[in-house]
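Comments concern the structure below.
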Amino acid sequence: MLKFIPKTIDTIVLTLVTLLTIGVFTAGLCDVLDYIIVKVVLVISFGTLFFMACYYAIKNDVIENRLEETPQDDLN
């Protein structure tokens, strides 16, 4: 049973995106997307994901693996 629990962030994200895609596709087939509450939930979910992505993009720092004392030339 523990084999099916994702352990890395990439696996968790891929699993959630797959479940979201299947859910939206199924809701579209069943004509559930026409209800206003479903539209509100989708808009709020998209907005939350967008702001979270922007937050993590701004928070992410660039890590350089070079030493500052001895810069190297990439042309050699």
Going by side-chain heavy atoms closer than 4.5 Å, which hydrophobic residues are tied to Leu29, directly or by a chain of links? Phe25

Let me have the donor-acceptor pairs involving side chains of residues 43-53, under 3.5 Å, with sequence neighbours excluded, atom names and distances please.
residue, atom, partner, partner atom, Å
Ser45, OG, Val41, O, 2.8
Thr48, OG1, Ile44, O, 2.8

If hydrophobic residues (ILVMFWY) are linked whenever their side-chain heavy atoms come closer than 4.5 Å, directly or via other members, who joins Leu19 in its cluster? none

Less than 4.5 Å apart, side chain to side chain, heavy atoms only: is that true for Leu20 and Leu16? no

Please identify each residue that fulfils side-chain contact (heavy atoms from CB on, under 4.5 Å) with Cys30, with sequence neighbours left out. Thr26, Val32

The side-chain contact (heavy atoms from CB on, under 4.5 Å) partners of Leu42 (sequence neighbours excluded) come to Val24, Leu33, Val38

OG1 of Thr18 to CG of Leu14: how many Å apart, nearest 0.5 Å? 6.0 Å

